[in-house]
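What follows is a short report on a single structure.
What you see is a predicted model; the values in this text were computed from it and never measured. Only heavy atoms go into these numbers, but all of them, side chains included; no hydrogens, no water, no symmetry mates. Reminder, nothing fancy here: chain letters follow the sequence lines and each chain counts from 1.
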Amino acid sequence: MSDRREAPPEKTLERIIGERRDKGTALRGHGHHPYRNDISPRDAIAAVRARYLPSKPEVPNEAITPVDGELLCVAGRAMSKRGFGKTVFVPIRDGSAADIQLYVNIEHLAADDFAQVLPQLDAGDLVCAEGPVFWTKRGELSILVKRLWILTKSLRPLPDKWHGLTDVEQRYRQRYVDLAVSPDVQDVFRLRSRIVRGVRAFLDRRDFLEVETPMMHPIIGGAAARPFATHHNALDMPLFMRIAPELYLKRLVVGGFDRVYEINRNFRNEGLSRKHNPEFTMLEFYRAYATYRDLMDLTEEMVGQLADEVVGSRKLTWDGHELDLAAPWRRLSVLEAVRELGGVAEADAVFADPLLAAECAVTHGVPAADVVLALLEGLPAGSEVSPAVFAETVAAFKNPGERPRVARALVERYPSEEVRLIRAGHLGYQLFEATAEQKLIQPTFLTEYPLAVSPLARRNDARPQFCDRFELFVAGREIANGFSELNDPDDQRARFQAQVQAKAAGAAETMDYDEDYCRALEVGMPPTAGEGIGIDRLVMMLTGQASIRDVILFPLMRPE
RNA sequence: GGGCCCAUAGCUCAGUCGGUAGAGCACCGGCCUUUUAAGCCGAGGGUCGAAGGUUCGAAUCCUUCUGGGCUCACCA
């Protein structure tokens with residue numbers, strides 16, 4: 001044995017990349033650029049398939065006879081390469097989402113291409129082929145290749161051709177590979193594109209104007225969520241990535257755009273889950289001289305049409321649920337949902353009495369801190385509770401023996417009838433979330449939201465503790481949120497004030513006071529209804545995907 | 001952030017009681033002129049996610065870390 005060291009073994013992947021690189025070099029040696037850009041296909045594979053499908057012979061044809069004399073030219077990614085010595089089969093796939101097989105045979109292919117190009121071809125390469133089509137004796141439409149070019153030499157091997165890419169982490173991180181080998185994944189994103197186009201077409205037909213409003217906001221508004229904070233250098237100004245476009249869109253309604261919509265990203269600085277990605281796509285639209293009831297009708301029509309166009313049916317399966325989108329959808333008030341679905345018999349009393357509501361909420365598992373926060377709703381400016389006192393109160397409230405006394409003290413602290421109702425409504429809504437939300441499987445419009453959880457919605461004329469608002473639930477998930485807009489500037493100022501106080505009392509997700517928005521309302525906003533629809537969730541529903549990451553091309557991941 | 005689970009060849013996965021690494025596909029060489037998960041013969045390919053620890057000996061047991069999945073919380 002010699003003491004000469006063995007060269008360190010190359011890893012498999014490095015070896016394969018090296019071999020493929022060498023094939024690129026070999027192509028150059030024969031005068032072919034391995035990343036050439038001087039050849040274009042003339043025919044989309046899907047069109048070729050559609051055109052020649054009628055020519056499929058009834059009985060298999062042993063002879064290799066072109067269907068007609070036309071030379072076709074197709075290009076796409078080689079999905080595999082099956083060699084038989086003097087015959088090689090190469091199925092290719094192009095952007096028309098179709099495959100066709102190249103039949104490469106020494107007797108038909110140009111001699112130089114067979115000797116110089118074919119040996120350098122690997123699965124994964126982008127190739128172009130020219131020749132007539134024929135049917136093989138196994139009944140497969142194929143290109144009888146006369147000329148063959150490698151347009152782009154691929155250096156990395158494709159994943160297992162049978163299993164595809166199954167590791168979900170790699171599918172999201174290397175979406176280009178996932179898409180290249182998985183037609184099903186491509187289909188989801190093609191459908192997503194059709195859905196978004198369908199939404200635009202639906203709204204455009206109804207004279208809505210598509211607009212783009214700022215995505216960097218100087219103050220937080222339009223929703224209850226924590227924002228991403230950023231900074232503008234030249235202006236030395238803090239900015240927030242928007243959590244909702246709502247307040248800008250309504251400024252446009254003030255300006256005379258009676259029907260506007262925007263489809264774009266919102267950003268919310270919260271946890272990730274199957275239902276949440278920090279950036280997500282939201283449709284918001286506003287229609288003057290309409291009410292939330294008009295928008296429920298519109299939503300039913302729009303989602304139903306999208307289902308017809310994209311799924312071809314109003315019945316679909318999502319996350320294990322058989323759904324029926326046929327109109328009309330059930331309409332149910334929050335109070336009714338608590339009573340009927342949540343099984344809370346005393347629901348009517350709950351929404352009128354904060355003490356009963358607090359007790360009921362605790363019984364159904366609402367966290368003590370949330371209950372206490374609701375019971376502090378409506379305190380006059382300047383009497384906010386400090387974080388220390390808040391923590392003490394929550395601790396006392398958690399003790400069943402002390403709870404009635406603590407709750408009574410909180411309720412009596414500002415015992416106007418209006419505030420009592422607001423607090424009861426807030427607690428009633430938390431009761432809804434705890435008892436009924438998950439049971440809303442078939443499409444359901446939940447209506448008449450408590451005022452406390454709807455700072456931008458119009459107060460109901462008959463029952464001022466509720467708002468003219470709805471949310472659409474399907475499979476226990478919120479899909480849409482709409483309401484008649486609050487256009488009374490004085491009421492809006494009071495609601496903003498309540499938000500500011502809730503933040504001071506410890507609520508994490510609140511809006512800032514937007515004085516310019518109030519000024520806009522003072523100019524006068526026509527009676528208007530507005531709605532937001534989560535496009536990602538809509539796409540999930542219509543494509544049957546259980547995870548939001550499967551409808552977002554590049555979901556947020558930790559760095560590799 | 002909490003709980004549960006996962007990480008072995010380029011890909012998909014085995015790996016028993018702790019005894020020093022396996023298969024299929026891919027890749028490389030050979031045969032093959034209608035295949036389609038082509039077939040047959042042969043060869044190569046591994047820091048077993050990372051770092052510590054226990055042990056004569058660790059892919060295997062323990063600890064920590066990293067990344068991911070599900071779930072809870074928060075939210076839409």
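- The side chain of A:Ser547 lies closest to B:C70 when the candidates are B:C70, B:A76, B:C74.
- Nearest nucleotide to the A:Asp370 side chain, out of B:A76, B:U35, B:C74: B:C74.
- Distances shorter than 4.0 Å separate none of the side-chain N or O atoms of A:Thr136 from OP1 or OP2 on B:U35.
- Residue pairs satisfying the salt bridge (charged side-chain N to carboxylate O under 4.0 Å, His left out) criterion with at least one member in residues 79-89 of chain A, sequence neighbours excluded, are absent.
- Computed from coordinates, the A:Glu246 CD to B:A76 C1' distance equals 13 Å when rounded to whole Å.
- Looking at RNA chain B, the stems built from 3 or more consecutive Watson-Crick or G-U wobble pairs, each pair with its key distances under 3.5 Å, are B:1-7 with B:66-72, B:10-13 with B:22-25, B:28-31 with B:39-42, B:49-53 with B:61-65.
- Among the candidates A:Tyr429, A:Phe466, A:Phe483, A:Phe432, the single residue satisfying the ring-ring contact (aromatic ring centres under 6.0 Å, His included) test with A:Tyr449 is A:Tyr429.
- The shortest distance between the side-chain N/O atoms of A:Arg268 and the OP1/OP2 oxygens of B:A76 is below 4.0 Å.
- The shortest distance between the side-chain N/O atoms of A:Arg171 and the OP1/OP2 oxygens of B:G68 is not below 4.0 Å.
- With ring centers used as reference points, A:Tyr103 lies under 6.0 Å from A:Phe89.
- Side-chain atoms of A:Arg192 and A:Thr281 form a donor-acceptor pair, as typed in the model, at a separation below 3.5 Å.
- Within the 4.0 angstrom heavy-atom criterion, no nucleotide atom of any strand lies near A:Gly532.
- Interface remark: the A:Gln101 side chain does form a donor-acceptor pair with the B:U35 base, using a distance-only criterion of under 3.5 Å.
- Here the P atom of nucleotide B:U35 and the CG atom of A:Leu144 are 15 Å apart, to the nearest Å.
- Listed nucleotides: B:U36, B:C32, B:U71. Nearest to the side chain of A:Arg82: B:U36.
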Along nucleotides 22-27 of chain B, 5' to 3', which nucleotides get a B, which get an S, and which get a -, given that the test is a protein heavy-atom distance under 4.0 Å?
--BBSB

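- When distances run from any side-chain atom of A:Arg537 to the nucleotides B:A76, B:C74, B:U35, the shortest one goes to B:A76.
- Residue A:Gln170 places no side-chain N or O under 4.0 Å from the OP1 or OP2 atom of B:G10.
- Within 4.0 Å of A:Glu140, counting heavy atoms only, lies at least one base atom of the nucleic acid.
- Remark: the A:Asp94 side chain and the A:Ser96 side chain contain an N/O donor-acceptor pair separated by less than 3.5 Å.
- Residue A:Arg558 places at least one side-chain N or O closer than 4.0 Å to OP1 or OP2 of B:G67.
- In this structure, A:Phe89 packs face-to-face on the six-membered ring of B:U35, meeting both the 5.5 Å centre cutoff and the 30° plane limit.
- Among the nucleotides B:U35, B:U33, B:G10, the one closest to any side-chain atom of A:Leu13 is B:G10.
- Taking atom CG on A:Asp319 and atom C1' on B:U71, their separation rounds to 13 Å, with Å as the unit.
- A close approach under 4.0 Å does occur between a side-chain nitrogen or oxygen of A:Arg138 and OP1 or OP2 of B:U35.
- B:C56 and B:G2 have their P atoms separated by 36 Å, given to the nearest Å.
- Rounded to whole Å, atom C1' of B:A76 lies 13 Å from atom CZ of A:Phe432.
- A:Asp536 comes within 4.0 angstrom of nothing in the nucleic acid, heavy atoms only.
- Residue-level contact check: A:Gly271 touches the bases, meaning some heavy atom is under 4.0 Å from a base atom.
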